[in-house]
2 protein chains.
Amino acid sequence: MSTNDQALKQYDSNKYRTPDGYTSDIAVFTIVATEQRAYKPPKMKLALMLIQRAALNAEGDPNIEANKWALPGGFVQESETAFEAAKRELHEETNIQDIHLKHFGVYDEPGRDPRGWIISNAHYAIVSENKISMRKANDDAAEVKLFSMDQLQKLSQESKLAFDHDEIIQAAIQQIKADLLQTTVAKEFLPNTFTFSELQAVLLTVTDDPAIKSNQAFIRKIKSLPFLEAVPGQTTQRTSKTPTQLYTFVEMDVLKPIYTAKY
Amino acid sequence: MSTNDQALKQYDSNKYRTPDGYTSDIAVFTIVATEQRAYKPPKMKLALMLIQRAALNAEGDPNIEANKWALPGGFVQESETAFEAAKRELHEETNIQDIHLKHFGVYDEPGRDPRGWIISNAHYAIVSENKISMRKANDDAAEVKLFSMDQLQKLSQESKLAFDHDEIIQAAIQQIKADLLQTTVAKEFLPNTFTFSELQAVLLTVTDDPAIKSNQAFIRKIKSLPFLEAVPGQTTQRTSKTPTQLYTFVEMDVLKPIYTAKY
DNA sequence: GTAATAGTGTCTTTTAGACACTATTGT
DNA sequence: ACAATAGTGTCTAAAAGACACTATTAC
């Protein structure tokens, strides 16, 4: 028996108080086209999917935080990571699969969940709108609904958000806003190839930077960005009557120091 | 009795398999001055503090992962968050207090810890060199030592890092490098007021960007950055014989979109 | 005076911002 | 032809990059 094995024998997890639960929650973001007409550049809005907690749980007993709106999520199993659990639960609860998922925080404030010492791993997901419409609600989830940022503020003010999900949602919004502007995740909201105005519409959901708002400025800037590439000869007419150049994201690490950028 | 209270009564945490442990680990970074002479601008190097696991534990039994190098850390108590635990443990294990701490990841891969289902919250801390020299080792920590990035690579290759700390350390390095360049955390490595060459030395530990490397470029750029401010009339001679302007960080959110920065 | 570091003058090149303009095409 | 979107020409201002230069001070 190795010394490491001997050491292992000595270890007893009962010596320590352990958590009562280990969960994953997912802030599912989508961008809904608020205006989608032929030959028109899209106008978009960021939205978050929430689930309304049922009045009764699967056993027919009163549910915790009944009727409030919550992030989809659930308990992590011993055989998986919180990240994997998030994927699985999203699939189980809303039938959504193959989406971009990112862990962005841990919520473990004592007392955050009335059921005990329950730790939540917060993730955000990016899902295209059509996938969400294919969703299904399960026993525990009375209803699935998309909320705009404005609507979320109202839910928050009226205390209609379950547990500490208000706080988690605020952090998720901050995180996705920063990521949309500082990384290339915008691609997760877009088809493989896209026009400048489609990318622009995505970015405008989280910023009002004049350099992004201005068509001429943005159309020129896009050509000098190393992580974007025009697809030669590829055009589309889905945003305008004039055939429009399609672009695609180039896989690369992007990190721009604040000390060298222009302000 | 409210319906919520009734629901609570139904909940039984024993229905679910729960983790065997909930821990916090801390990657303690410091910047060591590799050249510190009078009237000279400093030269700096990033270093990480690790603890060598003792051969025997407090009870005199063989220790798990004995003699390997590990991040300081330990079990989170029910009455605290992982973040608070990280602060407490850093203090207990190394006597370090009042430092910048940031949560950057969760490690919960099944089997990552031979003792069972143990979840680790990874944090990084920024500590000035003099605080680390005031450290003390406790029973469980045979030795505390600073490692340069090169030395860490060697430790990794020779499998001298405990548990999955190799992976955590790599992520911590990536994280702090990005944060040093994209946020104003560099201030945590510096005194309240500092010269351009001191800030420059900190940044050069993680980048070789010519705009930062060049004295003239950097000294000019620094004046136009909204999050840096010259302290009027304040100078020092600690980096040169000529009295040098002192700067300070201005508290503000900094977020530069990659779509508007110059490349 | 010398050596070393901080900082400026100035020129050139590149980029950004603004405005007017042209190009394309379904209706 | 018109309306609407994509995209260019061009001018100006600002910023970046490069190089030579000046300023300060301990020794």
Side-chain angles (χ1 to χ4, degrees), chain A residues 33 35-44 193-201 203-204 207-226 228-247 256-263, chain B residues 33 35-44 193-201 203-204 207-226 228-247 256-263:
Chain A
E35 213 181 306
Q36 185 89 298
R37 301 211 311 269
Y39 309 118
K40 280 270 174 195
K43 287 186 184 173
M44 297 181 172
T193 63
F194 48 87
T195 68
F196 85 95
S197 61
E198 289 170 335
L199 171 57
Q200 188 185 31
L203 299 178
L204 288 179
T207 186
D208 56 358
D209 189 315
I212 293 175
K213 239 179 179 167
S214 155
N215 277 19
Q216 290 108 318
F218 193 65
I219 211 168
R220 281 192 159 126
K221 187 71 199 176
I222 214 176
K223 292 175 186 172
S224 69
L225 297 175
L228 284 172
E229 187 170 71
V231 188
Q234 287 264 54
T235 58
T236 183
Q237 280 183 297
R238 64 178 178 254
T239 64
S240 84
K241 292 166 184 172
T242 89
T244 308
Q245 178 62 54
L246 285 168
Y247 290 85
K256 194 64 197 160
I258 57 175
Y259 297 97
T260 61
K262 199 208 116 195
Y263 279 91
Chain B
E35 211 182 306
Q36 185 88 298
R37 301 212 312 269
Y39 307 119
K40 281 269 175 196
K43 287 185 183 173
M44 297 180 174
T193 62
F194 47 87
T195 68
F196 85 96
S197 60
E198 288 169 335
L199 171 57
Q200 188 184 31
L203 299 177
L204 288 179
T207 188
D208 55 359
D209 189 315
I212 292 175
K213 240 181 179 165
S214 154
N215 276 19
Q216 288 109 318
F218 193 65
I219 211 167
R220 278 190 162 127
K221 186 72 198 174
I222 212 177
K223 290 175 186 171
S224 69
L225 297 175
L228 284 173
E229 188 170 72
V231 188
Q234 287 264 53
T235 58
T236 182
Q237 280 183 296
R238 63 178 179 251
T239 64
S240 84
K241 291 166 184 170
T242 90
T244 308
Q245 179 62 54
L246 285 168
Y247 290 85
K256 195 65 198 161
I258 57 175
Y259 298 96
T260 62
K262 199 207 114 194
Y263 279 92

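Side-chain atoms are counted along with the backbone in the values below, which use heavy atoms only and exclude waters and symmetry mates.
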Novice: So, using side-chain hydrogen bond (donor to acceptor under 3.5 Å, both in side chains) as the criterion, who are the partners of A/Gln245 when residues are at least two apart?
Specialist: none

Novice: What is the nucleic acid contact for B/Thr239, judged by heavy atoms within less than 4.0 Å: base, sugar-phosphate only, or nothing?
Specialist: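 Sugar-phosphate, no base atom in range.
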
Novice: Going by the rule side-chain hydrogen bond (donor to acceptor under 3.5 Å, both in side chains), which residues pair with B/Ser197 if we only count those two or more places apart in sequence or in a different chain?
Specialist: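 For B/Ser197 the side-chain hydrogen bond (donor to acceptor under 3.5 Å, both in side chains) partners, ignoring immediate neighbours, are B/Thr195.
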
Novice: What residues form a side chain to side chain contact (heavy atoms under 4.5 Å, CB included) with A/Glu229, not counting sequence neighbours?
Specialist: A/Thr248, A/Val250

Novice: Which nucleotides of nucleotides 19-27 of chain C have their base under 4.0 Å from a protein heavy atom (B), which only their sugar-phosphate (S), and which neither (-), written as one string 5' to 3'?
Specialist: -B--BBBB-

Novice: Compare the minimum distances between each of D/dT5, C/dG17, C/dG7 and the side chain of B/Phe196, then state the nucleotide with the smallest one.
Specialist: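 Per side-chain heavy atoms of B/Phe196, the pick is C/dG7.
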
Novice: Which part of the nucleic acid, if any, lies within contact of A/Ser197, taking any heavy atom under 4.0 Å across all strands shown: a base, the sugar-phosphate backbone alone, or nothing?
Specialist: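 Result for A/Ser197 = sugar-phosphate.
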
Novice: Who pairs with B/Lys43 by salt bridge (Lys or Arg N to Asp or Glu O under 4.0 Å), at least two apart in sequence or on another chain?
Specialist: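 By the salt bridge (Lys or Arg N to Asp or Glu O under 4.0 Å) rule, B/Lys43 matches B/Glu35.
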
Novice: By nearest heavy atom, map A/Lys223 and B/Ala217 onto DNA chain D; which one lands nearer the 5' end?
Specialist: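 The residue whose closest nucleotide sits nearer the 5' end is A/Lys223.
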
Novice: Counting heavy atoms from C-beta on, name the nucleotide in D/dG17, C/dT15, D/dA16 closest to the side chain of B/Ala211.
Specialist: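 Of the options given, the side chain of B/Ala211 lies nearest D/dG17.
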
Novice: At what angle, to 10 degrees, do the two end axes of the helix from C/dG1-D/dC27 to C/dT27-D/dA1 meet, given five pairs define each axis?
Specialist: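 It works out to 0° between the end axes.
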
Novice: Working to the nearest 0.5 Å, report the span between CZ of B/Phe196 and CD1 of B/Ile219.
Specialist: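 Between atom CZ of B/Phe196 and atom CD1 of B/Ile219 there are 4.0 Å.
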
Novice: Kindly say if B/Lys40 contacts the phosphate of C/dA4, meaning a side-chain N or O under 4.0 Å from OP1 or OP2.
Specialist: no

